Amino acid sequence: MPDPNGFLRYPRRLPARRPVPVRISDWREVYPPAGEELIREQATRCMDCGIPFCHDGCPLGNRIPDWNDLVRTGNWDAAVASLHATNNFPEFTGRLCPAPCEAACVLGIGGGDPVTIKQVEVEIADAAVARGGLRPVPAPVPSGRSVAVVGSGPAGLAAAQQLARAGHAVTVYERDDALGGLLRYGIPDFKLEKHHIDRRVAQLAAEGVEFRTGVDVGVDVTAEQLRARHDAVLLACGALAGRDVPETPGRRLRGVHQAMEHLVAANRVVAAAGEGRPALAVRPDGTPIDAAGRHVVIIGGGDTAADCLGVAHRQGAAGVHQLDLYPRPPHDRDEARDPWPTWPWILRSYPAHEEGGERVFAVAVQEFVDDGTGQVRAVRVAEVTVEKRDGRRIVTALPGSERELPADLVLLAIGFDGTEEQALLGQFGARRNARGAVDARPDWQAADGVFVAGDMHRGASLIVWAIAEGRAAAAAVHAYLGGAGTLPAPVDPATQPLAAFARP
Ligand SMILES: Cc1cc2nc3c(=O)[nH]c(=O)nc-3n(C[C@H](O)[C@H](O)[C@H](O)COP(=O)(O)OP(=O)(O)OC[C@H]3O[C@@H](n4cnc5c(N)ncnc54)[C@H](O)[C@@H]3O)c2cc1C
Ligand code: SF4
């Protein structure tokens, strides 16, 4: 029986982050482990609500009050089993998810402090490793059917694990040189150290999943060849087409880059250093990969921008500005706009924001300024207002508000326009829709025998949605192959995040 007064006795507490001067001198994760005493105390704050609204916030349907209570009572093995019943990779979501479950927690009503669900999750995930490792769960009987999964991000890996455990022979094809999708070279080590991915990949391999890296499907192997080798194909190629501003004067100057170009290069340097390999110092256009001593301007306000900020500080940038088109969001939930338990529009500060830099709101870049040699030296910004008219975004610059910010390196982190246009799409008979995503029928098929999941289907989203879609699409593949019984399907292709109103 959970403690109904736990939240009255204990305030919400998270483990202290590593001190800023220490953590920006390395690439290790920002949070140390919470320790058993703190996490059991925090799990005690869960009321085990009759209607646990936290469930509505989580697309995976994680059994949050169950494992909170198992942690409260120190029943770690059962907590590990309960968490893994709905989530293949809780060490990824526990570290990286923005936690829509916490936004939906009953304790958050009226500005209260929700249960630290995400921290409890990560501690359970780490307990699984500490208490005997991630044991493989191989299928008792092979089905004799085979599946190709294209893309090794969280959607592809979750689907691969579900299908392998159901007895199918699964091969994951990945064009990159290492597995993990955006988790490998997109997300920096200070948010997710890469041994977490390696450990899961080892578990999948022990469950029979085969991995082929360095294979660009559609180029190195055709759709026809893949379909001849396998009974079904699941595409989980992500949404990696970066949004750009080609019309802004100076966009082609040296030093102005897509954020992902810089992040991937920087994360590769860290990976190489960890393995004792030499790493590239400059990109093909001559721009140093290291921001040391440089003025950096990051354009955008989301995860990607915050990751660029953390990277810039660890590289020793002289100064960083992070620009956002929209005004500074409020600190508290606006109940009229985003009533509980929906995801609120509030000021989100990441650990990277504690580390330095200046956030500038309600500005738009008018020009990237040339230093006379073809290298950017500044950005010229104007204060702006943004409004929606007929579903279109209208940005208006305020006359006389222009100024320059110094910039040797500019990173565009303004979102993604869906999945990349690439040969594989046409070969499999799949097409990008108006949002750049690939539509799926209710049974997750984009074309006969070709399934789609994750960001490629949903558009750039979150790891928790990628895992949920990977699991659901795997269930559909299993049914298509005539597999025995059913696999869990937490979402369907039309499932949307919890919302009070339909947004235009
Ligand atoms: C910088 C950054 C930070 C982020 N931070 C967070 C965060 O903190 N929390 C969070 O929840 N989400 C975060 N996200 C979003 C999250 O990473 C994605 O939603 C998630 O990774 C999507 O998973 P996926 O499996 O659908 O695709 P991806 O992770 O994008 O994986 C797709 C894979 O497909 C491969 N591929 C593509 N085409 C082919 C081909 N033709 N042949 C073979 N392989 C191919 C790609 O190489 C890639 O490895 C972040 C995103 C970015 C860009
Ligand atoms: S809504 Fe919050 S308090 Fe209620 S069961 Fe979920 S985590 Fe516990």
Side-chain angles (χ1 to χ4, degrees), residues 2 4 6-7 43 45-58 62-69 92-93 95-102 104-109 112 114-117 120 149-159 172-188 191-192 212-221 226 235-240 242 259-260 263-264 267 302-308 311 341 350 413 415-416 419-420 422-425 427 452-467 469-470:
F7 73 98
R45 295 186 70 241
C46 175
M47 300 182 289
D48 190 16
C49 302
I51 300 176
F53 278 90
C54 50
H55 282 202
D56 294 323
C58 177
N62 277 340
R63 299 169 186 167
I64 295 163
D66 293 9
W67 38 259
N68 274 338
D69 198 48
F92 303 161
T93 43
R95 284 181 170 76
L96 299 168
C97 192
C101 54
E102 292 188 16
C105 173
V106 171
L107 286 183
I109 295 177
V115 174
T116 57
I117 301 171
V120 176
V149 174
V150 184
S152 69
L157 292 181
V172 175
Y173 295 86
E174 169 56 58
R175 73 178 171 197
D176 224 329
D177 61 354
L179 300 160
L182 280 173
L183 277 55
R184 175 65 65 176
Y185 295 128
I187 294 178
K191 276 171 59 180
L192 181 81
R212 304 253 193 285
T213 49
V215 180
D216 191 346
V217 174
V219 177
D220 301 322
V221 52
L226 220 59
L235 303 178
C237 300
L240 301 167
M260 288 306 288
L263 273 181
V264 170
N267 291 334
D303 275 327
T304 308
D307 289 357
C308 290
V311 165
Y350 300 79
F416 295 87
T419 201
E420 297 152 283
Q422 54 167 315
L424 148 157
L425 291 178
Q427 292 181 14
V452 61
D455 278 8
M456 188 179 194
H457 161 257
R458 180 161 288 275
S461 178
L462 297 174
I463 292 159
V464 70
W465 278 97
I467 298 173
E469 290 214 354

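Bear in mind the structure is a predicted one, so any value in this text is a computation, not a measurement. Both counts, for ligands and for their atoms, begin at 1 and track the order of listing.
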Taking non-hydrogen atoms only, is Leu462 closer than 4.0 angstrom to ligand 1 via side chain, backbone, both or neither?
-> both
Mark up the atoms of ligand 1 that fall under 4.0 Å of a heavy atom belonging to Leu424, in ascending order.
-> 41 (N)
The protein heavy atom nearest to atom 47 (O) of ligand 1 is Glu174 OE2, 2.6 Å
Full working for side chain to side chain contact (heavy atoms under 4.5 Å, CB included) between Asn62 and Cys101 = CA-CA 9 Å; Asn62 277 340; Cys101 54; over 6 Å; no
Best match, Gly181, Ala466, Pro154: closest heavy atom to atom 21 (O) of ligand 1 | Pro154
Give the atoms of ligand 1, by number and element, whose distance to some non-hydrogen atom of Phe416 is under 4.0 Å.
-> 53 (C)
Looking only at protein heavy atoms, identify the closest one to atom 52 (C) of ligand 1 and say how far it is in Å.
-> Thr304 OG1, 3.7 Å
Smallest heavy-atom separation, Leu263 atom then Pro188 atom, equals CD2-CG, 4.4 Å
Quick one: CG on Asp455 to CG on Leu462, what's the gap to the nearest 0.5 Å?
-> 8.5 Å
Atoms of ligand 1 close to Gly186 [distance to a heavy atom under 4.0 angstrom, numbered from 1] | 1 (C)
Which atoms of ligand 1 have any heavy atom of Asp307 under 4.0 Å away?
-> 1 (C), 2 (C), 3 (C)
Any heavy atom of Asp455 under 4.0 Å from ligand 1? The part involved is both
Which segment of Trp465 sits under 4.0 Å of ligand 1 when only heavy atoms are counted | neither
Report the part of Gln422 in contact with ligand 1, treating N, CA, C, O as backbone and CB onward as side chain, heavy atoms under 4.0 Å; options are side chain, backbone, both, neither.
-> side chain
Mind checking the CE-SG spacing from Met47 to Cys105? Nearest 0.5 Å is all I need.
-> 6.5 Å
Considering only heavy atoms of Ser461, which atoms of ligand 1 have at least one such atom less than 4.0 Å away?
-> 15 (C), 19 (O)
Atom 50 (C) of ligand 1 sits nearest the protein heavy atom Ile187 CD1, 4.1 Å
Looking at atom 36 (N) of ligand 1, what's its closest protein heavy atom, distance included?
-> Arg175 NE, 4.0 Å
Under a 4.0 Å heavy-atom limit, does Leu263 contact ligand 1 with its side chain, its backbone, both, or neither?
-> side chain
Donor-acceptor pair, side chain of Asp220 and main chain of Asp216, under 3.5 angstrom = yes
Per-atom contacts of ligand 1 with Gly454, taking only distances under 4.0 Å to non-hydrogen atoms = 26 (O)
From CD (Gln422) to CG (Leu240), nearest 0.5 Å = 9.0 Å
If we only count heavy atoms from C-beta on, is the Leu192 to Leu183 side-chain gap below 4.5 Å?
-> yes
Atoms listed for atom 2 (Fe) of ligand 2 (protein only, N, O or S, under 2.8 Å, no waters) are Cys105 SG
Between Ala155 and ligand 1, which residue portion shows a heavy-atom distance shorter than 4.0 Å: side chain, backbone, both, or neither?
-> both
Dump the intermediate steps for side chain to side chain contact (heavy atoms under 4.5 Å, CB included) on Met260 and Leu182, then the final yes or no.
-> CA-CA 10 Å; Met260 288 306 288; Leu182 280 173; 3.4 Å; yes
Heavy atom of the protein closest to atom 11 (O) of ligand 1 (residue, atom name, distance) = Ile463 N, 3.0 Å
Candidates Gly151, Gly156, Ala236; heavy atom nearest atom 32 (C) of ligand 1 found on Ala236
Quick one: are Asn68 and Pro2 in side-chain contact, heavy atoms under 4.5 Å?
-> no
Is there a donor-acceptor pair under 3.5 Å between the side chain of Asp48 and the backbone N or O of Pro65?
-> no
Considering the options Arg175, Glu174, Arg212, Arg184, which one meets the side-chain hydrogen bond (donor to acceptor under 3.5 Å, both in side chains) requirement together with Ser152?
-> Glu174
For Lys191 and Asp307, run salt bridge (charged side-chain N to carboxylate O under 4.0 Å, His left out): C-alpha distance rounded to whole Å, both residues' side-chain angles, the deciding distance at 0.1 Å, then the answer.
-> CA-CA 8 Å; Lys191 276 171 59 180; Asp307 289 357; 2.9 Å; yes
Under 4.5 Å between any side-chain heavy atoms of Ile64 and Pro52, yes or no?
-> no
Which is it for Asp303 and Ile187 under the side chain to side chain contact (heavy atoms under 4.5 Å, CB included) test, yes or no, and what are the steps along the way?
-> CA-CA 9 Å; Asp303 275 327; Ile187 294 178; over 6 Å; no
At a 4.0 Å threshold, what atoms of ligand 1 neighbour a non-hydrogen atom of Val215?
-> 42 (N), 43 (C)
How long is the gap from SG on Cys46 to CD1 on Ile117, to the nearest 0.5 Å?
-> 7.5 Å
Given side chains that start at C-beta, do those of Arg95 and Ile463 come closer than 4.5 Å, heavy atoms only?
-> no
Atoms of ligand 1 close to Gly238 [distance to a heavy atom under 4.0 angstrom, numbered from 1] = 27 (O), 30 (O), 32 (C)
Any heavy atom of Lys191 under 4.0 Å from ligand 1? The part involved is side chain
Ligand 1 versus Met260: contacting region, heavy-atom distance under 4.0 Å = side chain
How long is the gap from CZ on Arg458 to CD on Glu469, to the nearest 0.5 Å?
-> 4.5 Å
Of the protein's non-hydrogen atoms, which lies at the shortest distance from atom 6 (C) of ligand 1, and what is that distance?
-> Asp303 OD2, 3.3 Å
Under a 4.5 Å cut-off applied to non-hydrogen side-chain atoms, are Tyr173 and Leu226 in contact?
-> yes
Just need the protein heavy atom nearest to atom 29 (O) of ligand 1, so name the residue and atom and give the distance.
-> Leu182 N, 3.0 Å
Shortest protein contact, atom 42 (N) of ligand 1 (heavy atom only) | Val217 N, 3.0 Å
